[in-house]
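A quick write-up on the structure given underneath.
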Amino acid sequence: GDSVTQMEGPVTLSEEAFLTINCTYTATGYPSLFWYVQYPGEGLQLLLKATKADDKGSNKGFEATYRKETTSFHLEKGSVQVSDSAVYFCALSTEAGTALIFGKGTTLSVSS
Amino acid sequence: NAGVTQTPKFQVLKTGQSMTLQCAQDMNHEYMSWYRQDPGMGLRLIHYSVGAGITDQGEVPNGYNVSRSTTEDFPLRLLSAAPSQTSVYFCASSWGTSYNSPLHFGNGTRLTVT
């Protein structure tokens, strides 16, 4: 079935370091891909999305490119801040679109 | 600008008790859904609704009931709570399908069943 696999955490970085969180997926057809972020004590919120191959989603300095050939959607940021500390979820939705399928989440901790 | 509102924020139940988790949205979204979040498991879909009067099961529906009598509200009922239902529950809504519209999440209900 459809699934999302993302790198295990926690990821611990110093401020201004480069961030990569890997995400790969298995799905039939052409899914939409998403990154959601969850700050402590809050619900998830959409960080960025891509709906077709080679699309690049970007927001708040974060980027991810939809790579159909490698079935990947890795999240990157060039210079992380303490305020980026959160749990990041990769997710997909198939064309049937009844629900999101989430990865297990990756905890990012950034220290100053 | 409330968005998706969930109540209560915290709840402790004894095994066998019943309760309803409330979810309301003020964005006139047709699609609503309930997820549970467990450590190391990500979020898993419990039930969803594509409009008032229409509900369907997700990945982990056992032990939960839902109804959708209005566009705004989508309560989740636990009929007889079990320790395996200890989790954080999130309600979400969207204007369209999850394929092309972002989900808006509430802040969650942390449920403990003893």
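In the text below, chain A, chain B and the rest are named by the order of the sequence lines, each starting its count at 1.
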Residue B:N100 versus chain A: region with a heavy atom under 4.5 Å: backbone

Reported CG-to-CZ distance for the pair A:L100 and B:R44, which is rounded to 0.5 angstrom: 15.5 Å

Chain B contacts, top residue of A:A99, A:G103, A:G105 (heavy-atom pairs, under 4.5 Å): A:A99

Check: B:S49 side chain, B:I54 main-chain N or O, donor-acceptor pair, under 3.5 Å: yes

Cluster overlap A:L108 with A:V4, hydrophobic side-chain contacts below 4.5 Å: yes

Spatial distance of atom CG (A:L75) from atom CG (A:L47) [nearest 0.5 Å]: 6.0 Å

Inter-residue atom distance A:K60.NZ - A:L48.CG, 0.5 Å rounding: 10.5 Å

B:Q37 portion near chain A, given a 4.5 angstrom heavy-atom threshold: side chain

Between OH on residue B:Y99 and CG on residue A:L92, distance to nearest 0.5 Å: 10.5 Å

Among the listed options B:G42, B:G96, B:G108, B:P39, the residue most often paired with chain A at heavy-atom distances under 4.5 Å: B:G42

Contacts of residues 5-16 of chain B with chain A (heavy atom under 4.5 Å): none

Flag side-chain contact, heavy atom, 4.5 Å: A:P31 against A:Y66: yes

Any side-chain heavy-atom pair of A:R67 and A:D54 under 4.5 Å: yes

For chain A, the option from B:G106, B:S98, B:S33, B:S101 that forms the most heavy-atom pairs under 4.5 Å: B:S98

For A:Y36 against A:L46, the heavy-atom pair lying closest together: CD2-N, 3.4 Å

Residues of residues 60-88 of chain B contacting chain A, heavy-atom criterion under 4.5 Å, by residue number: none

Spacing of B:H104 atom NE2 and B:Y31 atom OH [to the nearest 0.5 Å]: 14.5 Å

Donor-acceptor under 3.5 Å (B:H47 side chain, B:G58 main chain): no

Option that, when pairs with chain B are counted at under 4.5 Å, heavy atom only, ranks first among A:E8, A:Q6, A:Q38: A:Q38

Which atom of A:I21 lies closest to which atom of A:Y88, heavy atoms considered: CD1-CB, 4.0 Å

Heavy-atom proximity to chain A below 4.5 Å, by part of B:L43: both

4.5 Å side-chain heavy-atom contact, A:H74 and A:W35: no

